[in-house]
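Residue numbers begin at 1 in each chain, while the letters A, B, ... track the order of the sequences. These numbers come from the heavy atoms of this one structure, side chains and all, not from hydrogens, waters or symmetry mates.
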There are 2 protein chains.
Amino acid sequence: MEQRYMQIGQAAERTGLTQRTLRFYEEKRLLNPPTRMEGGFRLYSEEDIQRIEHILQLKQNLGFSLADIREMLEAEEAISALKAQFREFSTEQKIESLENATRVIEGQMGLIERKIDQLSSMRDFWQQKRAKYNQRVKEIQDEQTSINVTS
Amino acid sequence: MEQRYMQIGQAAERTGLTQRTLRFYEEKRLLNPPTRMEGGFRLYSEEDIQRIEHILQLKQNLGFSLADIREMLEAEEAISALKAQFREFSTEQKIESLENATRVIEGQMGLIERKIDQLSSMRDFWQQKRAKYNQRVKEIQDEQTSINVTS
DNA sequence: TTTGACCTTGACGTAAAGGGAAGGTTCCAG
DNA sequence: CTGGAACCTTCCCTTTACGTCAAGGTCAAA
């Protein structure tokens, strides 16, 4: 499988992070140690980039700490590890591991949905305020118009 | 206007924050200096509590820093300050200040909506994964059933 | 083989968001 | 009018999430 690699500078540019941050995430074990060139330069694959973007989603949208994110990534990895052994499982084991995975997923979805709900209610709140202000503008403009007409 | 006040302990309990955090937010001017008892004990009104809850929404759901939140609260206060003088404004001033307020509101709504969009796409992603797993479970169960039947 | 861009680790620095404890004051129930 | 709970300020400490050098090694093109 021919892979297209990039160095840390480009990876940083792609993700909008700094090189320091990429190294830091690696140190904190959010990123698996990337492949290296003979001289030691880090090489990032497209897959690595996606993982980074995944991390950023969790961080920026859900507001998790890096420690939390690491746990979540580990849970996901545990699932794919199971997947690899899947063929050798008994039917019961298969079902159990699938249901396990489902539970993990539903946990994540629960978090996301709660957040969406709260955001929606915030949006509605502002939405109403805006409507009120627009209404006021219209009222004032109508007033103004009627004065112009009668004058 | 008779007000029902509570001390910092109860305010902390109500909001789920610590007393330290409440004092800290006050120090950072996210909260207006609360009224005090003669001896110096802080007294929080229901309004204060709501402001705190507002702050928590901004912090937890939108992930803003306290500094950002302070700016946003100040913008909101600027709006209500205008409101107080509203009667004395010329028609043009009225319209301008209303449109100004609308712009602030739309800024907030934009942030919220972007966040909702991103969360929605995350939800869809997990949603699909879950559906796939559920499908697999069903397949396996069906297999199992047919074996039982034929055996 | 040199040059300049790019990269390495390591050490130290720092802003944000509080935690915790000392030492003193206030409140109020008994 | 007193004892204990609740609160006050002040000061220093900690964690998280990186930023910022410094001193040196690597890569690729000329």
### Message
In this structure, how many angstroms lie between the C1' atom of C/dA17 and the CD atom of B/Q60, rounded?
### Response
13 Å

## Note on the structure
Going 5' to 3' through nucleotides 17-30 of chain D and flagging B where a protein heavy-atom sits under 4.0 Å of the base, S where only the sugar-phosphate is that close, and - otherwise, we get BBBB----BBS---

### Query
Under 4.0 Å between a side-chain N or O of A/R42 and OP1 or OP2 of C/dT8?
yes

### Message
Contact list please: residues 45-58 of chain A against DNA chain D, heavy atoms, distance less than 4.0 Å, in numerical order.
### Response
none

### Task
Check the distance between C/dT9's P and A/E27's CD and give it to me in whole angstrom.
10 Å

### From CD (A/E46) to CZ (A/R4), nearest 0.5 Å
10.5 Å

#### Entry: Nearest heavy-atom neighbours spanning A/D48 and A/L43
OD2-O, 4.1 Å

### Query
CD of A/E26 versus P of C/dG10: gap in Å, rounded?
12 Å

### Task
For the pair B/H54 and A/F125, name the ring-plane relationship: parallel under 30°, tilted 30 to 60°, perpendicular over 60°.
perpendicular

### Query
Is A/R36 salt-bridged to A/E26, cutoff N-O under 4.0 Å?
yes

### Query
Within this structure, what is the CZ-to-C1' distance between B/R23 and C/dG20, rounded to whole angstrom?
12 Å

### Message
In whole Å, I'd like the distance from the CG atom of B/L31 to the P atom of C/dA17.
### Response
14 Å

## Note on the structure
Whole-Å distance, B/R36 CZ to C/dT25 P, equals 16 Å

### Task
Decide, yes or no, whether a salt bridge links B/K94 with A/E139 under the criterion of side-chain N to carboxylate O below 4.0 Å.
no

### Task
Would you mind checking if A/E74 and A/R70 are paired as a salt bridge, meaning a charged N to carboxylate O distance below 4.0 Å?
yes

### By side chain to side chain contact (heavy atoms under 4.5 Å, CB included) - contacts of B/L111 (at least two apart)
B/F64, B/R114

### Atom pair CG (A/D124) and CG (A/L119), whose distance is rounded to the nearest 0.5 Å
11.0 Å

### Message
Measure CZ/B/R70 against C1'/C/dA15 and give the value in whole Å, please.
### Response
15 Å

### Query
C/dG18 P sits how many Å from B/K28 NZ, rounded?
11 Å

#### Entry: Charged N-O contact under 4.0 Å between B/R103 and B/E99
no

